[in-house]
Number of protein chains: 2
Amino acid sequence: MEITNKQQGIKVVGDVLDIVGGKWRGQILAHLCDNPKRFNELKTILSNITSSTLTKELRYLEDIKIVERNIVQDTPIIVEYRLTDHGKSIKDLIKIIIEWGLKHRKIVFKKN
Amino acid sequence: MEITNKQQGIKVVGDVLDIVGGKWRGQILAHLCDNPKRFNELKTILSNITSSTLTKELRYLEDIKIVERNIVQDTPIIVEYRLTDHGKSIKDLIKIIIEWGLKHRKIVFKKN
DNA sequence: AAAGTAAGTATCTTAAAAACTACTTGTATT
DNA sequence: AATACAAGTAGTTTTTAAGATACTTACTTT
């Protein structure tokens, strides 16, 4: 079946890449695939992200209902971010991305 | 198997999204998945792309050996762009992206 | 009481991506 | 001879993403 025959097919590529693309979103999602993480955990793992950027990205992912923010403990406040039930569907996508990347990194990636 | 356990796993997400991401690259690749296309064909299909942007994107994809430029006819010049053998491996990735997108578009996409 | 941690917010600046406009070379068409 | 098409290039401007820096609130630990 041809990809482009489905009229909707192509624009959707752009839409998905808006969600997952950019410098951080894919990485954030990848980290949340395994288990929920707190704000500062993410900040530490993604070693060069700033608070403001991380906040922005998380809010965006919340807005589109892929990630949810859970207040785990009120005082002192502890917040965790996790994939929503719906967001979990993204795991397969992330997995394929990683597999493709690992397989083709030698040929393709300029940097490193 | 946990995604983040593979140390390389996460950074590679960013690398792959650099290749495929951005406003146009994913769409260009999706169109080339089915069959080769000429410059102006792509320009027409991707209705709002400018020549200079299209050129830049194609040059980038050539650089990383995912797309190749073939001069089909010399005079008048006709050029076609196609996935390299190696580039064809991206089809599976594009397919998954489209599938995920089609399945989740109602919930997720703000615009449209 | 002072310092530190968690989870941010607010503002401004910089850098990178994409768009806009115009031009080019060679050929083919009317 | 003039116009149009194919496949671009060149330079500038606009838009968007990301980074830098500083500050905040409500606790907890020393």
Side-chain angles (χ1 to χ4, degrees), chain A residues 10-11 13-32 35-64 67-82 109-111, chain B residues 10-11 13-29 31-32 36-64 67-82 109-111:
Chain A
I10 300 302
K11 261 160 69 184
V13 175
D15 293 339
V16 172
L17 291 170
D18 279 349
I19 291 172
V20 136
K23 186 163 176 188
W24 297 112
R25 237 116 75 183
Q27 291 183 67
I28 291 170
L29 289 170
H31 281 292
L32 294 180
N35 41 56
K37 295 209 165 45
R38 285 177 298 120
F39 186 88
N40 278 334
E41 263 184 288
L42 285 170
K43 196 160 159 9
T44 304
I45 300 167
L46 306 166
S47 40
N48 291 314
I49 200 170
T50 62
S51 294
S52 54
T53 301
L54 181 54
T55 301
K56 262 175 244 157
E57 301 299 9
L58 289 169
R59 293 294 166 270
Y60 170 80
L61 293 169
E62 274 183 87
D63 278 358
I64 63 172
V67 162
E68 61 187 24
R69 177 179 186 273
N70 270 302
I71 298 176
V72 168
Q73 179 188 296
D74 229 73
T75 155
I77 193 160
I78 290 180
V79 175
E80 79 175 16
Y81 292 90
R82 52 163 70 237
F109 302 140
K110 297 276 170 162
K111 20 188 172 178
Chain B
I10 301 301
K11 262 160 67 186
V13 175
D15 293 339
V16 172
L17 292 169
D18 279 349
I19 291 172
V20 135
K23 186 163 174 189
W24 297 112
R25 238 117 74 184
Q27 290 183 68
I28 292 171
L29 289 170
H31 282 293
L32 295 180
K37 295 209 165 45
R38 285 176 299 119
F39 186 88
N40 279 335
E41 262 183 288
L42 286 169
K43 195 160 161 10
T44 304
I45 300 167
L46 305 166
S47 39
N48 291 314
I49 201 170
T50 61
S51 295
S52 54
T53 301
L54 182 54
T55 302
K56 262 175 244 159
E57 300 299 9
L58 289 169
R59 293 294 167 268
Y60 170 81
L61 293 169
E62 275 183 87
D63 277 358
I64 62 172
V67 162
E68 61 187 24
R69 176 178 186 274
N70 270 302
I71 298 175
V72 168
Q73 181 188 294
D74 229 74
T75 155
I77 193 160
I78 290 181
V79 174
E80 79 176 16
Y81 291 90
R82 52 165 68 238
F109 304 140
K110 296 276 171 164
K111 21 188 172 180

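Everything numeric here is computed off the predicted structure, so don't read it as measured data.
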Compare the minimum distances between each of [options] and the side chain of [X], then state the nucleotide with the smallest one.
X	options	answer
B/Thr55	C/dA7, D/dT9, D/dG19	D/dT9
A/Ser52	D/dA10, C/dA10, C/dA7	C/dA10
A/Asn40	C/dG8, C/dA7, C/dA19	C/dA7

Integer-rounded Å distance: [N] [atom2] and [X] [atom1]:
X	N	atom1	atom2	result
A/Asn70	C/dA6	CG	C1'	16 Å
A/Gln73	C/dA6	CD	P	12 Å
B/Ile71	D/dA7	CD1	P	11 Å
B/Leu54	D/dA6	CG	P	14 Å
B/Asn48	C/dA18	CG	P	14 Å
B/Ile77	C/dT27	CD1	C1'	11 Å
B/Ile49	D/dA7	CD1	P	15 Å
A/Ile78	C/dG8	CD1	C1'	14 Å

So what does [X] hit on the nucleic acid, given a heavy-atom distance under 4.0 Å: a base, only sugar-phosphate, or nothing?
X	value
B/Arg69	sugar-phosphate
B/Glu57	sugar-phosphate
B/Glu41	nothing

Checklist entry - Between B/Ile45 and A/Ile10, does a side chain to side chain contact (heavy atoms under 4.5 Å, CB included) hold up when you go through it step by step? => result CA-CA 10 Å; B/Ile45 300 167; A/Ile10 300 302; 6.0 Å; no
Does OP1 or OP2 of [N] have a side-chain N or O of [X] closer than 4.0 Å?
X	N	result
A/Arg59	C/dG8	yes
A/Lys56	D/dG19	no
B/Tyr60	C/dA16	no
B/Lys23	D/dT15	no

Item to check | Minimum side-chain heavy-atom gap B/Ile28-B/Leu54 below 4.5 Å | outcome: yes
Item to check | Test item: B/Leu42 and B/Leu32 side chains (from C-beta on) under 4.5 Å apart, heavy atoms | outcome: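 Sidechains of B/Leu32 and B/Leu42: in contact.
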Under-3.5 Å N/O pairs linking protein and nucleotides 28-30 of chain C:
none

Checklist entry - Is any side-chain N or O of A/Ser51 under 3.5 Å from a base N or O of C/dA7, one able to act as donor and the other as acceptor? => result no
Checklist entry - In Å, rounded to the nearest 0.5 Å, how long is the span from CG of B/Leu46 to NE2 of B/His31? => result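 Taking CG in B/Leu46 and NE2 in B/His31, the distance rounds to 5.0 Å.
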Next on the checklist: Rounded to the nearest 0.5 Å, what separates atom CZ in A/Arg25 from atom CG in A/Leu58?
Outcome noted: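 If we round to the nearest 0.5 Å, A/Arg25:CZ and A/Leu58:CG are 10.5 Å apart.
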Item to check | Closest-nucleotide 5' rank along DNA chain D - winner of A/Arg25 and B/Leu58 | outcome: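 The residue closer to the strand's 5' end, by nearest nucleotide, is B/Leu58.
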Next on the checklist: Let's go through B/Val67 and B/Tyr81 carefully: what are the C-alpha distance in whole Å and the side-chain angles of both, what is the deciding distance for side chain to side chain contact (heavy atoms under 4.5 Å, CB included) to 0.1 Å, and is it a yes or a no?
Outcome noted: CA-CA 7 Å; B/Val67 162; B/Tyr81 291 90; 4.0 Å; yes
Item to check | A/Val13 versus B/Gln27, closest heavy-atom pair with distance | outcome: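 Closest pair (atom of A/Val13, atom of B/Gln27, distance): CG1-N, 4.0 Å.
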Next on the checklist: As a test of understanding, state which of B/Glu68, B/Glu57, B/Arg69 forms a side chain to side chain contact (heavy atoms under 4.5 Å, CB included) with B/Glu62.
Outcome noted: B/Arg69
